[in-house]
Number of protein chains: 2
Amino acid sequence: MEKQTITIYDVAREANVSMATVSRVVNGNPNVKPTTRKKVLEVIDRLDYRPNAVARGLASKKTTTVGVIIPDVTNLYFSSLARGIDDIASMYKYNIILANSDQNDPKEVQVLNTLLAKQVDGIIYMGHKITDELRAEFSRSKTPVVLAGTVDPDEQVGSVNIDYESATEQSVTNLIAAGNERVAFVSGSRMEPINGIYRLNGYKAALEKAHIPFDESLVFEADYSFISGEAIYEKVEEAGATAAFVGDDELAVGLMNGALDRGVQVPEEFEIFTANNSKLTEMVRPKLSTITQPLYDIGAVAMRLLTKLMNKEETDEKTIVLPYNIANRGTTKGE
Amino acid sequence: MEKQTITIYDVAREANVSMATVSRVVNGNPNVKPTTRKKVLEVIDRLDYRPNAVARGLASKKTTTVGVIIPDVTNLYFSSLARGIDDIASMYKYNIILANSDQNDPKEVQVLNTLLAKQVDGIIYMGHKITDELRAEFSRSKTPVVLAGTVDPDEQVGSVNIDYESATEQSVTNLIAAGNERVAFVSGSRMEPINGIYRLNGYKAALEKAHIPFDESLVFEADYSFISGEAIYEKVEEAGATAAFVGDDELAVGLMNGALDRGVQVPEEFEIFTANNSKLTEMVRPKLSTITQPLYDIGAVAMRLLTKLMNKEETDEKTIVLPYNIANRGTTKGE
DNA sequence: AGGATAAATGCAAGCGTTTTATTTAAGTTT
DNA sequence: AAACTTAAATAAAACGCTTGCATTTATCCT
């Protein structure tokens, strides 16, 4: 009455060949005479044989599975990347083990370890900050790792990103050009390199070019949630900002709603530039002006890069920087 | 130079015990003397031994991995469910293989087959419609299946949902009570049971109680995208509707924007009730009035149910219906 | 035809665990 | 102290497949 699986051995017996031959036809090995191949295929079909991927994995030391560490699937920025990852993965016959990390350091390390225990062939990491411990685990294991939408100043593993610094500089420059002298910088924690280093540097560079002194009181740190954005608007306003560059779309939506709910007109009285180009930016009114990151592509390219690393193919460059653009939509006055 | 993994055998040798004993301490089997346990644990730690989950899976016929089929991670409704699923899964030491199906029938069957080939211990399916072929695969395999946010009229597998029919009836009744005589019904394909059967029946029931005849021209089918919603508003307006019940939040956002972009006031001139309570409903302005489904919980409960099925525990009921509520927010006039 | 080369197939040793049946050690009981 | 129980540990057989090597069979030359 138990799930009596039929194995490669059953197929071999029924087809009067050896297991090795069945294995060969299953794996598309060319060293099989067409007539035997046909015979085996028929038996496979008749018995409805389905190769056991676990046994395969043990014997071949390949699981055709990659681990994907994501802060939160519910965040449109990351889920868009994840979508690109999964599409390319399935194109290359890989499956994805998806694990939410909640940007919780110990949990990340633990998740990484269970992924490695499951013998994934590669790992794609999305996150905000790579702790030393995590970095150590990355380099200790021989499993290839690619960062997607995530930078690590210590460029040891592969990564796919855009140039956050120049994109930010350009956005802020736009804001300044529209007459805003006090532009707020709103992002997640400054401990995260993308915020604390790249974006902030871009922001400062834009100020500098406009001969505006950097004012620490215009820099705000918040959670990546619209709730947090709504709450922070008041402080931004109090700081005298007339515009804001925001490092996350959901946060930007919150900030905008904070303004709107107080009767502040956007963009007439307050301009907003956001950074991620998730579909959220086009779902709210006014539509958010944004840096147009190719989210899906970042995931897709990251996965493609990972396939190369897993195959030990030569790769020109492990640190990939994709192009971006700027879209002035409804939250900026610029013509 | 190769990744020379250290195996259970190495640990056994170093600790002067048999593999079996090492296996026992790794698996927390009580039949091992405290002193030996300690000794083994030390060696494990010193050698930095990490059990190979693939070998484990082969030997034990359990992979502690469940397959999750999702139409699109990028859809907030489903990703919210997925979040609940993953949290409970990791609580029970399971990992999730996430596969996007794009509601593409052949792809779904293929995805299911590769999940089964990978010997997942269970499957959670999210989707819109279960084809006969898929249903056949479900019942053919002995692997437990639970549907999350997905109904199958033929209740053979476990499922977790809310009562879509009465929730819809209640929402539409609200709309009618507010004075709307022509309420549009906007959803995804009517081929999908949730739309074509449950919600539509709820809609009809509400009309009937108000003695309003059902008018086929007020029923609209659309894709689950805000683009599609924007496009359809015009038709809804032409049909003379002054309000709409919408089966998907992103679609509802689109519909609302279609109205807003034409200068139609919401809710003053057009009221909207949506169905999923994703965070989208609170991110747009006005906030969408909605059926408040416990999205996270649906996923969580589904995963919990699956763990019971995987352990062959007795379960009172495989078809779980969770409570919902109604939230009148900014897109309805009713107090 | 006969030897040589290439193409197909088979054999069997792993892959790293779990698990069952056994053996050995350690207590208890009388 | 012999006879029994119970607890701990071991040995070895799976688990279902891949793969290097050996072997057989077919094909090609001269």
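First the proteins, then the strands, lettered A, B, ... as listed; each starts at 1. The model shown is predicted, which means the values in this text are computed figures rather than measured ones.
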### Charged N-O contact under 4.0 Å between B/Lys39 and B/Glu42
no
Here the distance between atom C1' of C/dC15 and atom CD of A/Gln119, to the nearest Å, is 11 Å
Heavy atoms only, 4.0 Å cut-off, all strands: where does A/Asn31 land among base, sugar-phosphate and nothing? base
Chain B vs DNA chain D, heavy-atom contacts under 4.0 Å, first-to-last nucleotide span, 5' to 3', is D/dA8 to D/dG16
B/Leu58 CG to C/dT17 P, in whole Å, measures 12 Å
Problem set entry | Side chains of A/Arg24 and A/Asn31, donor plus acceptor under 3.5 Å | no
Q) Will you find, in the side chains of A/Asn27 and A/Ser23, an N or O donor that is under 3.5 Å from an N or O acceptor? A) yes
Mind checking if B/Val26 touches a base, just sugar-phosphate, or nothing, with heavy atoms under 4.0 Å? nothing
note: B/Asn27, atom CG; C/dT17, atom P; distance rounded to Å ~ 11 Å
note: B/Ile6, atom CD1; C/dC15, atom P; distance rounded to Å ~ 14 Å
Check: Touch check for A/Ser23, heavy atoms < 4.0 angstrom, all strands: base, sugar-phosphate only, or nothing?
Finding: base
>> Checking side-chain polar atoms at under 3.5 Å, does A/Thr307 have a donor or acceptor matched by the opposite partner on A/Arg304?
In response: yes
Note: for B/Ser60 and B/Lys33 on DNA chain D, the residue whose nearest nucleotide lies more 5' is B/Lys33
Here the distance between atom P of C/dT18 and atom OH of B/Tyr9, to the nearest Å, is 17 Å
| task | Classify the nucleic acid contact of B/Val54 as base, sugar-phosphate or nothing, counting any heavy atom under 4.0 Å across all strands shown. | result | nothing
Taken to the nearest whole Å, CZ/B/Arg50 to P/C/dT17 is 12 Å
Atom CD1 of A/Ile8 and atom C1' of C/dC11 are separated, to the nearest Å, by 14 Å
When rounded to whole Å, the CZ to C1' distance for the pair A/Arg56 and C/dT17 reads 20 Å
Checklist entry - Phosphate oxygens OP1/OP2 of C/dA8: is one of them under 4.0 Å from a side-chain N or O of A/Thr21? => result no
Quiz prompt | Short side-chain N/O contact from A/Ser18 to OP1 or OP2 of C/dG10, under 4.0 Å | solution = yes
**Q.** Side chains of A/Lys118 and A/Thr63, donor plus acceptor under 3.5 Å
**A.** no
- request: Without swapping roles, check the side chain of B/Asp102 against the backbone of B/Asn104 for a donor-acceptor pair under 3.5 Å.
  value: no
query = Judged by modelled atom types alone, do A/Asp72 and A/Tyr224 share a side-chain donor-acceptor pair under 3.5 Å?
reply = no
task: With heavy atoms under 4.0 Å as the rule, sort A/Asn16 into base, sugar-phosphate or nothing.
output: sugar-phosphate
